[in-house]
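Okay, so here's the structure we're looking at.
Note that the coordinates shown come from a computational prediction; the quantities given were computed from them, not determined experimentally. Proteins come first, then strands; the chains are lettered A, B, ... in the order of their sequence lines, and each starts at number 1.
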There are 2 protein chains.
Amino acid sequence: MEFEKLADTLKALADPTRLKIISLLRTRDCCVCELVPIFNISQPAISKHLSRLKTAELVHETRKGQWVFYSLNEKKLEETGFALNHLPDLSEKLKELEKQGLLVRCE
Amino acid sequence: MEFEKLADTLKALADPTRLKIISLLRTRDCCVCELVPIFNISQPAISKHLSRLKTAELVHETRKGQWVFYSLNEKKLEETGFALNHLPDLSEKLKELEKQGLLVRCE
DNA sequence: TAGTTATATAACCATATTGTTATTTATAAT
DNA sequence: ATTATAAATAACAATATGGTTATATAACTA
């Protein structure tokens, strides 16, 4: 389960446009119409990228009048970087293999 | 460019099977035939996952007789986690928008 | 040399991703 | 009420992803 969830979050991050959006949100909360002129893609494309980030809980949205402002969830971003270097331990699987004599012995 | 490269590395990481492989390699170098019985997918599927990780420089391969052993590139993994929290700065883009009067002023 | 084991590659398929344009919904302004 | 602006959703297309089975290649074994 843990691996699936982390993989989902990493998928949300694994796109240059979304990484750039995250970098921009680090500077300042932004609404969709501010992000659109920065990228060479359409408004719906930006909107979908933000929606993907929101589903992954990497950003938070707040409506202010006719605008929707997006802000970065820095905690989630930090957690993800941390998780990469602290993956759940699967050494049990290797111990099981060893019991079954399935580990390769060379040299 | 930087964003594209990071996105590529994250794509290589953004899969539960590959994350599990990385966790296993943290314990011990493994060859393909050891990994296969741990997962419910075919040998070619495992082989392709390893190939993907190798292209991203997240693992290194060494042939030992008839086996090919894969080892984790811990440095690359650490760098990636670090990069997530130190994305290149794009605040210039927002400054440009400001000059053009394209930033939204509400409240 | 022939057979076996380990791994990689090829060809293929179903689904996901990422973009597009057109349209809808929500809010603000005239 | 009508019009304009911001953002989301729908429908679609091209490409990427992740699996399969069949086959090729590499190295060991008898």
A:Asp8 CG - D:dT17 C1' separation (whole Å): 14 Å

Heteroatom pairs (N/O) under 3.5 angstrom, protein to nucleotides 23-30 of chain C:
none

Over all atoms of both residues, closest heavy-atom pair of A:Pro37 and B:Leu97: CG-CD2, 4.0 Å

Of the listed D:dT9, D:dT20, C:dT7, the closest approach to the B:Ala45 side chain comes from D:dT20

Within the distance-only criterion (no hydrogens, no angle test), does the side chain of B:Glu34 pair as donor or acceptor with the backbone N or O of B:Cys31 below 3.5 angstrom? yes

Using the salt bridge (charged side-chain N to carboxylate O under 4.0 Å, His left out) criterion, which residues pair with B:Glu74? Sequence neighbours excluded. B:Arg26

Considering only C:dT7, D:dT20, D:dA7, which nucleotide approaches the side chain of B:Val32 most closely? C:dT7

What's touching nucleotides 14-18 of chain C from the protein side, N or O pairs under 3.5 Å?
{"from": "C:dT17", "atom 1": "OP1", "to": "A:Arg52", "atom 2": "NH2", "distance (Å)": "3.2"}
{"from": "C:dT18", "atom 1": "OP1", "to": "A:Asp15", "atom 2": "OD1", "distance (Å)": "3.3"}
{"from": "C:dT18", "atom 1": "OP2", "to": "A:Arg18", "atom 2": "NH1", "distance (Å)": "3.1"}
{"from": "C:dT18", "atom 1": "OP2", "to": "A:Arg18", "atom 2": "NH2", "distance (Å)": "3.1"}

Of the options B:Leu6, B:Leu13, B:Leu84, which is the one that meets A:Leu13 in a side chain to side chain contact (heavy atoms under 4.5 Å, CB included)? B:Leu84

Nucleotide D:dA8, atom C1' - distance to CD of A:Glu61 in whole Å: 10 Å

Salt bridge check, A:Glu2 against B:Lys20: does any charged N sit closer than 4.0 Å to a carboxylate O? no

Could you tell me the separation between the CG atom of A:Leu35 and the C1' atom of D:dA6, rounded to a whole number of Å? 13 Å

